[in-house]
Amino acid sequence: MEKIDLDKIIPENDLEEEIISDLKSGKNKEVITRCPPEPSGYWHIAHVKAWTIDFETAKKFGGKTYLRMDDTNPLKEEGEFAESYLEDLAWLGYKPDKLIYASEAYFEDIYKIAEQMILDGKAYVCFLSAEEVSATRGTLTEPGKESPYRNTSPEENLRLFREMRDGKFEDGKATLRAKIDMAHPNMNMRDPVMYRVLRAKHYRLGNKWCIYPMYDFAHPLEDALEGVTYSLCSMEFHEHRPLYEWFIENGWKKPYPPKQREFSRLTIENVLIGKRYLKQFVNDKIVSGWDDPRFPTLVGVRRRGYTAKALKDFVKSVGWGNVLEVTVPYSALEYYVRADLNQIATRAMVVLDPLKVIITNYNGEDEEFEIQNNPNDENQGYHKSKFGKVIYIEKEDFSLNPPPKYNRLTLGGIVRLKGAYIIKCNNVLYNEDGSINHLECEYIPESKSGNDTSGIKCKGTIHFVSENNCFEITIREFKNLIKREVANPAKALSEGAKIEDILEPNSLVEIKALAENFLKKAKVEDKFQFIRKGYYCMDKDSTDDNYIFNSTISLKDSFNK
RNA sequence: AGGGGUGUCGCCAAGUGGUAAGGCACAAGAUUUUGAUUCUUGCAUUCGUAGGUUCAAAUCCUGCCACCCCUGCCA
């Protein structure tokens, strides 16, 4: 373990203060956390909070983090999901110190602990049906009734439990229950089920077992078995903590037990989260797959162009939290996406909605000039672009009836072409239907970017491409999958809204655009800023004759808003 | 016979008896060959509420009020 000077660590939440105190007092010798996904769906943005807390907390104290597949329910789990987590985690930049499949690693141990607990009189085999258990649990204000099987002798319980394991009982006919207190005010403590009979093919163990431990029983013991010292989970488990501790005390019975601590779950306005709904969107082909760029899955936002750093910075900004769930506006996430992309994205000129411009007084060959790949980072260098007789500018960068403070091109007005010259618009040529066909402009030869001797002051700078230095690309512009006004889509759906009601109609629009030739060098997942427009990244659907770019996020725009 | 948790700016969030950090959002200004970035400034006389203790209270005490979570053989 790395040497860490505890006095130099600045605790950022209650847990970290507790860790420092535990380490100093010797109550714990190291920090071991675990990242315990159940392989039952793809990870989404909100999961990043949990994994960041697990990994960063351990890292801060020179500890370790284990990736443990929490696969105790064969009905829901699939290998595909488990594999996706390995990739997602690598993308996030986290390396688990160990990879564990709880089923393979711990089912035997957990089983043995259950037997010991039976012998200790702490667990019993119960033959009440699920309905009967539910009916005898009591209510929030009334105590439950004790099971008639509660006082079976330990020896008999052990025999029965082994019969459960050996397949003597049908699914649902028998459970192993913890003997705690049917009158406990915490419902979790009313003789919870530890094992159920379940014949289903486990994605790793096949049909090896016909009984499976419940989360509440398995989780604390798995933590203890692998030496986890801090078991961090979301607030919904807070009331399971007494049970967690009960199983540690009565099942584990050894020193240095793990501690469960809880943080707020994170949700983001306007984002659909919830495995069930995500799965439905995929199955119903509302999206192209788990990695649809409009999807909040990690594979989705990654394809959209979000970076791992942005996601991690975002969840760190939200903090630990002390309520069940914290909801932040989408703009909070977007801020971090832009912030990171601004540092790393390569600048390029792309005209999304072209308007042809003929430079009447320019007659030579195309002229090269350089564009800085990233004005925020000199090390990213420059690339060549060209200016020529025929160029294209953005339609919205020319106006016949300019609104106030319009800095772009107008009839008779001037504008700077980024990296090249100042031009003046002298004439507008129309089509028969009255729309603009093209513009005739003159350029000011003395205004060349970098050594402008013209003395002309120009308020606006616009981007452009030269006809001889551009090629057509495909752009996928995205809007949120869910209508803006639906802050909590999962809740809306659970309250009966139809998917059509909350779905943004045109969340994907494909357009053609003209990009400077430099973009031919792009590779899948490369990130660009199309100057003055937004951030884009190359999509995996691209081919040699069809470059496709996903719009990650627009630039902020304080003029058009 | 209920139990657990939470109330500090529109949203997150510090604060643990000494006179309300910070971020997002928003607004205004400066710089800018991206109306971006960057920078500067503004943004809670007040901490759910009513009392009390104290020289001093978001912090301590008492009473109210509001919201969230818990009755899977899911995790």
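Order of the sequence lines sets the chain letters (A, B, ...), proteins ahead of strands, with each chain counted from 1. Just so it is clear, the structure is predicted and the values come from calculations on it, not from any experiment.
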*Atom-pair distance (CG on A:Asn342; P on B:C39), nearest Å*: 11 Å
*With a 4.0 Å cut-off on heavy atoms, is A:Arg408 in touch with a base, just the backbone sugar-phosphate, or nothing at all?*
base
_A:Asp223 bridged to A:Arg68 by N-O distance under 4.0 Å_ = yes
*Identify, between A:Ser331 and A:Gly450, the residue whose nearest nucleotide on RNA chain B lies closer to the 5' end.*
A:Ser331
*G-U wobble or Watson-Crick pairing nucleotide for B:C67 (cut-off 3.5 Å, both distances)*: B:G5
*In the 5'-to-3' direction, what one-character label does each nucleotide of nucleotides 69-75 of chain B receive under the scheme B = base within less than 4.0 Å of a protein heavy atom, S = sugar-phosphate only, - = no such atom?*
BBBSBBB
*Whole Å only: how far is the CD atom of A:Glu262 from the C1' atom of B:G5?*
10 Å
*Flag the pair A:Glu104 and A:Lys208 as a salt bridge only when some basic side-chain nitrogen lies within less than 4.0 angstrom of an acidic carboxylate oxygen.*
no
_Heavy-atom pair with the smallest gap, counting every atom of A:Asn157 and A:Ala123_ = ND2-O, 3.8 Å
*asked:* Test salt bridge (charged side-chain N to carboxylate O under 4.0 Å, His left out) on A:Glu394 and A:Arg408; report intermediate values, then the result.
replied: CA-CA 10 Å; A:Glu394 214 67 67; A:Arg408 289 107 100 157; over 6 Å; no
_Please report the distance separating the C1' of B:U45 from the corresponding atom of B:G3, rounded so that it comes out in whole Å._
40 Å
*Looking across every strand, which nucleic acid part, if any, lies under 4.0 Å from A:His463 by heavy atom: base, sugar-phosphate, or nothing?*
nothing
*B:G2 P sits how many Å from A:Met182 CE, rounded?*
18 Å
*asked:* Taking any heavy-atom pair under 4.0 Å as a contact, classify A:Lys556: base, sugar-phosphate, or nothing.
replied: sugar-phosphate
*Sticking with atom P, work out how far B:U41 lies from B:C24, rounded to a whole angstrom.*
14 Å
*Pairing residues for A:Tyr330 by the side-chain hydrogen bond (donor to acceptor under 3.5 Å, both in side chains) criterion, not counting sequence neighbours*: A:Tyr306
*If pairing requires Watson-Crick or G-U wobble contacts with both distances under 3.5 Å, which nucleotide is the partner of B:U62?*
B:A50
*Answer yes or no: side-chain N or O of A:Arg347 and base N or O of B:U34 forming a donor-acceptor pair under 3.5 Å.*
yes
*What is the distance, rounded to the nearest whole Å, between atom CD of A:Glu17 and atom P of B:U16?*
11 Å
*Calculate the interatomic distance between A:Ile180 atom CD1 and B:G3 atom C1'; express it in whole Å.*
15 Å
*For B:G72, is chi within 90° of 0 (syn) or not (anti)?*
syn
*With the threshold set at 4.0 Å, does a side-chain nitrogen-carboxylate oxygen contact exist between A:Asp71 and A:Arg204?*
no
*On the 0 to 90° scale, with breaks at 30° and 60°, tag the A:Tyr111-A:Phe161 ring pair as parallel, tilted or perpendicular.*
parallel
*Could you give the distance separating B:G4 and B:C12 at their P atoms, to the nearest angstrom?*
25 Å
*Classify the side chain of A:Ser449 and the base of B:U33 as holding, or not holding, a donor-acceptor pair under 3.5 Å.*
yes
_Tell me if a side-chain donor or acceptor on A:Trp209 pairs with a main-chain N or O of A:Arg199 at a distance below 3.5 Å._
no
*N/O donor-acceptor pair, side chain A:Gln529 with base B:U34, under 3.5 angstrom*: yes
*Verify, without hydrogens or angle tests, whether A:Lys49 (side chain) and A:Trp320 (backbone) share a donor-acceptor contact under 3.5 angstrom.*
yes
_If I take atom CZ in residue A:Arg265 and atom P in nucleotide B:U6, what distance separates them, rounded to the nearest angstrom?_
16 Å
*Interatomic distance at P, B:U59 relative to B:G72, whole Å*: 39 Å
*Between C1' of B:A25 and CZ of A:Arg484, the distance in whole Å*: 13 Å
_A:His238 vs A:Tyr335, nearer the 5' end of RNA chain B by closest nucleotide_ = A:His238
*Given the P atoms of B:A30 and B:U19, what is the spacing between them in whole Å?*
37 Å
*asked:* Hydrogens and angles aside, do A:Thr552 and A:Lys527 bring a side-chain donor and acceptor to less than 3.5 Å of each other?
replied: no
*Taking a pair as Watson-Crick or G-U wobble with both distances under 3.5 Å, which nucleotide is matched to B:A36?*
none
*Using the C1' atom on both, measure B:A44 against B:C26 and round to a whole Å.*
15 Å
_Modelled atom types, side-chain donor and acceptor of A:Gln380 and A:Gln372, under 3.5 Å_ = no
*Would you classify A:Tyr406 as touching base, sugar-phosphate or nothing, given that sugar-phosphate means primed atoms plus P, OP1 and OP2, and contacts are heavy atoms under 4.0 Å?*
base
*Would you classify A:Arg338 as touching base, sugar-phosphate or nothing, given that sugar-phosphate means primed atoms plus P, OP1 and OP2, and contacts are heavy atoms under 4.0 Å?*
nothing
_When you measure from the side chain of A:Lys395 to the backbone of A:Leu352, do you find a donor-acceptor pair of N or O atoms at a distance under 3.5 Å?_
no
_Nucleotide B:G35, atom P - distance to CD1 of A:Ile393 in whole Å_ = 14 Å
*asked:* Taking B:A66 as the reference, what is the distance to B:U53 when you measure between their P atoms (whole Å, please)?
replied: 27 Å
*With rounding to whole Å, what would you report as the distance between B:U31 and B:U40 at their P atoms?*
15 Å
*Would you mind building the protein contact string for nucleotides 7-14 of chain B? One character per nucleotide, 5' to 3', B for base within reach (heavy atoms under 4.0 Å), S for sugar-phosphate only, - for untouched.*
S---SSS-
